[in-house]
Structure formats: structure tokens, C-alpha cells
Amino acid sequence: RFHFYEGNPMELVTFPVRVMKALGCKGLIVTNAAGGIGFGPGTLMAISDHINMTGQNPLIGANLDDFGPRFPDMSDAYTAEYRAIAHKVAEKIGIKLDEGVYLGVSGPCYETPAEIRAFQTLGADAVGMSTVPEVIVAAHSGLKVLGISAITNHAAGFQSSLNHEEVVAVTQQIKEDFKTLIKSVLAEL
Ligand code: HPA
């Protein structure tokens, strides 16, 4: 996976999604680590929608008509049908799955407490540095999407400080449940 904060252009960040579409994929599962606004560390959150605060859009430039229209609809970018399956599967296997809105920023710095307060007012439940560009390109090309965030920390201002080590440590703690959930969902799609 390529991140924008690593200095990659949006075309490269989203290139794998276009490759998957070109290979004939019908759906995409995207996962990420995110800071929780309301949700605490260890939560798995099905993404119902996103807010693009990256300041970028991967579809800027000539439209690739072979993939999709100039002005794609984003109303069902996170496919309700896939999400319903994820919730059903999670319940069946006894893994708690919450649901919320993911707000995407460019990173690489974590947010300020004031930014997080603003994002909360905007309706965000989680904040992270990926996923939004990939999902815009997926929606453009008609791919169905399931997005799941692993909440690795309370977002800035809800805890005294943030560090990458904590994000990695919490990711280690929830990865088995996360993997089990993704594999079980895959079996049902
Ligand atoms: N903010 C942005 N990205 C993140 C965070 C966060 O708090 N945690 C994990 N990825």
C-alpha cells in the first residue's frame, strides 16, 4: 500500500485499486488503523461513510472514462450490502463490530486537539491517514467497498499524548480478531 504522506502522488496511492478493477475484481476490502473520536482503542469499526479532509482528490485531472464518469456518485461508496454482511458475520462469530464515519487526513503528523474537536463537530467517529483516496477511486470505477478501521488510540485531546508505538502495540492486540473477521466475511461475500 502506498500512502500520500510518504510523498507518493495520488495516482500511485490509488493505482492498486485500478489494477484490481482492471483484473476484474468486483469488490474491495480496505482496512486501516485510526484514532477514535468516541470509540476507544481495540474497537473494530465498519466504515459507513467518509469525510475527505486530505485536501486532495485522486480523480483530479483528465477523467479515465474506461473506469467511470467525471462526476461519480459517492452516496453508497461504502456498500451497505457488504456492511450488513460484515455485521451479520461479526455477530455470528462473536466479534464486536461498531460502525461509524471515517475522516481522512493527509498526515503524517497526528492531529491537534483543536482539529479533533472540529472533526467531532463535523460528524467523524475515527480519523486516519489512508483509505479515502482508494475508496474514491473504487467508487469511481463501480467497485463495491467494505471498509473496517481498527481503532488504535483515542484521538488527540482525548488522551495526554499520541505515539506510533502505541498504535503498533494496539494493532498487535487486535490483529487476530481483525484477521478472523476479514476471513469470515470473505467467505460470505
Ligand atoms: N490519527 C490519524 N491517524 C491515525 C491515528 C490518529 O490518531 N491513529 C492511527 N492512525
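Keep in mind that what you see is a predicted model, and the values were worked out from it rather than measured. First listed ligand is number 1; within each ligand, the first listed atom is number 1. Residue numbers start at 1 and run along the sequence shown.
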Show me which atoms of ligand 1 lie under 4.0 Å from any heavy atom of [X].
X: A33; value: 9 (C), 10 (N)
X: E111; value: 1 (N), 2 (C), 6 (C), 7 (O)
X: T152; value: 8 (N), 9 (C)

Pi-cation contact, F67 with R18 (under 6.0 Å, within 45°)
yes
Short question: side chain of S184, backbone of T180 - any donor-acceptor pair under 3.5 Å?
yes
Do the side chains of K96 and E91 get close enough for a salt bridge, i.e. N-O under 4.0 angstrom?
no
Tell me whether D177 is salt-bridged to K175, with the criterion being a basic N under 4.0 Å from an acidic carboxylate O.
no
Distance to 0.1 Å, residue and atom name: give those for the protein heavy atom nearest to atom 3 (N) of ligand 1.
G128 CA, 3.4 Å
The closest protein heavy-atom partner of atom 5 (C) of ligand 1 is G35 N, 3.3 Å
Does any N or O atom in N153 lie less than 3.5 angstrom from one in ligand 1, N or O only?
yes
Hey, is A34 touching ligand 1 through its side chain, its backbone, both or neither, going by heavy atoms under 4.0 Å?
backbone
Carefully, step by step, assess N32 and S149 under the rule side chain to side chain donor-acceptor pair (under 3.5 Å).
CA-CA 5 Å; N32 58 56; S149 293; 2.8 Å; yes
Any side-chain donor paired with an acceptor under 3.5 Å for T131 and R1?
yes
